[in-house]
Each structure stands twice: as structure tokens, then as C-alpha cells.
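Both counts, for ligands and for their atoms, begin at 1 and track the order of listing.
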Amino acid sequence: MNKKIIIANWKMNPRNLEEAKRIFNEIKKTANKMQKVDVIICPPFVFHLRVALGKDKGSPWIGAQDVFYENPRAGGSYTGEISADMLKNLRVKYVIIGHSERRYPLLGEGETNEIINKKIKTALSAGLKVVFCVGEKERDIEGRYLHFIREEIIAGLDGIQKKFLKNLIIAYEPIWAISANVGAKADNPESSFEISMYIRRALLSIAGEKIARSIPILYGGSISPKNAEDFLRDNIMQGLLVGRASLNSKSFNEILKIANQI
Ligand code: PGA
């Protein structure tokens, strides 16, 4: 049986280390009891070291929200960047790549498919597990959004050796459903399921049947304890990427318990 994958994306939160440790420890207590769930917490970089050192190996795993697209052996002159090796050194296991808040920042240029592709290659070859985010800005009735998602996948995985794809996880996050956006509400699970089938077909054309079937596809966007079960039951999605609700340990722990019971 494959475990459900539940990821906390803390984004640029919480405001200080004390709170980060408190939320982490409260989640850890519940996560340690979960047999059917892999729990991953992705704090801001500055909290990684302290959060990671305070824990034993095992779930909850630590994930990063980004990684630099090169991983030079000897380090390098890249002000402000963090390499895949540095993450590995801190026992970070996962990295989120291609999140819409990095593709489309409020100011300035965002990450292109080309940058995302380089990051995925670098992270996978360093042995990190990659949570690759894809999703449309809007859902037009003509169905162009499906083509858009397919393009993101094909471009993001271009030239990646098949042997690395066992460490790939796809997170389908329709941008309009992410709680930070005005008027956001979660997608309905049936349409997310259909899109996940479409994503799997795109993966099939890249990786062949066996690998494509083994890649978990998660849903993200306004997940809460109220709707988590709707996305997880009957293997509709293989896990969840949770933003806002992951900063409230009570809500996030409820989501974990729901996932563990399915
Ligand atoms: P949300 O964020 O759960 O707050 O909608 C999800 C995400 O952006 O990954």
C-alpha cells in the first residue's frame, strides 16, 4: 500500500523561530503516530537548521520551498542561493519546485519553465525528492488550460533521465484555488481527479506506463480539514499540498488524521 503524502507549505511564515518550533513540535507528535501517511514540513530556509536539528530521522520529513538550479561541487558565487547539497547536508529530503508564487511573483520576473526544468534536474540528481507544482491560472471553457498544464509538465521534465523519476511527485495546484488569491475556493475533487488522469497521460508519454503509474499526484489549493477527505478518498489524489491550514497545527493534525484513516 502506498502512503498518502501530506505536505505543509509554510511559505514566508511563521514570523519567528519560537513559533516555527512550536508548530513543528505539535505536528511532530501527531505525525509520529501516522502509519499510512508521509508527512513533510517545508519551513522557510532560515528555520531549516534549527527545525531539522531538533528532530530524529523519519516523518515528519523536512522539505525546502526552493533550491538553486546549479549544484557546483565546490560551492559558488551565487549570492542568496541555497544548493541541493546544502539541503542534503541538513537532512532535507524534499523540495518544492515550480510553485505558482515563484512562477508569478507580485514584482519582477518569475521562474520560467526553463529555470524550473534546471532546478528539477539538479535536485533529482542530488538525490532530493521533488514536488513539482503545475496548474492553470484560469479554467476556460474551451479547455486550453489542459494544454497549458501539459506544456508545464513536458517542459519541466524535459531531458530528465527516467531513473530519477521515482523521486518525482506532482502537485496539481490550480492557481485560482490557492487561498492567498481573492475569492479562492478549492476545486471540486471530481474535476481535480479528471485533471490528474490527464496529467498521468502526459507522464505516460514521457516516462512509460510503469513509471507514470507510480508517480504520486497531489492536490493543493484551499485544503482544510473540511474538504481533505473528499480529495483523498478512493485514491482520487495521492496526497495534499497544504498552505494556510498547515500553519495551524490543530487543523493540519486533523488533516493528517483524516489521511491516516483512509
Ligand atoms: P493554500 O496554499 O492551502 O493556502 O491554498 C496551497 C499552496 O499554495 O501550496
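Protein heavy atom in closest approach to atom 9 (O) of ligand 1: Glu173 OE2, 2.7 Å. Of the protein's non-hydrogen atoms, Ser179 OG, 2.5 Å is the one closest to atom 4 (O) of ligand 1. Distance from atom 3 (O) of ligand 1 to its nearest protein heavy atom, with residue and atom name: Gly243 N, 2.8 Å.
Applying the side chain to side chain donor-acceptor pair (under 3.5 Å) criterion to Ser222, with sequence neighbours excluded, gives no partner residue.
Counting only heavy atoms from C-beta outward, the side chains of Ser192 and Phe231 approach each other to under 4.5 Å.
Atom CD of Glu70 sits in a crowded spot, with more than 12 heavy atoms from other residues, nucleotides or ligands closer than 6.0 Å. At most 12 heavy atoms of other shown residues, nucleotides or ligands fall within 6.0 angstrom of atom CD in Glu109. The environment of Glu229 atom CD is sparse: at most 12 non-hydrogen atoms of other residues, nucleotides or ligands sit within 6.0 angstrom. Within a 6.0 Å radius of OH in Tyr69, no more than 12 heavy atoms belonging to other residues, nucleotides or ligands are found.
Side-chain contact of Gln65 with Trp10: a donor-acceptor pair under 3.5 Å is absent, judged by distance alone.
Using a non-hydrogen distance threshold of 4.0 Å, Ser222 registers as a contact of ligand 1. In this structure, Gly221 counts as a contact residue of ligand 1, since one of its heavy atoms falls inside 4.0 Å of the ligand.
Contacts of Ile178 with ligand 1, taken as heavy-atom pairs under 4.0 Å, involve both backbone and side chain.
The contact set between ligand 1 and Arg244, taken as ligand atoms under 4.0 Å from a residue heavy atom, comprises 1 (P), 3 (O), 4 (O). Counting atoms of ligand 1 from 1 in the listed order, those under 4.0 Å from a heavy atom of His99 are 7 (C), 8 (O), 9 (O). Per-residue contacts place Asn9 under 4.0 angstrom from the following atoms of ligand 1 (heavy atoms of the residue considered): 9 (O).
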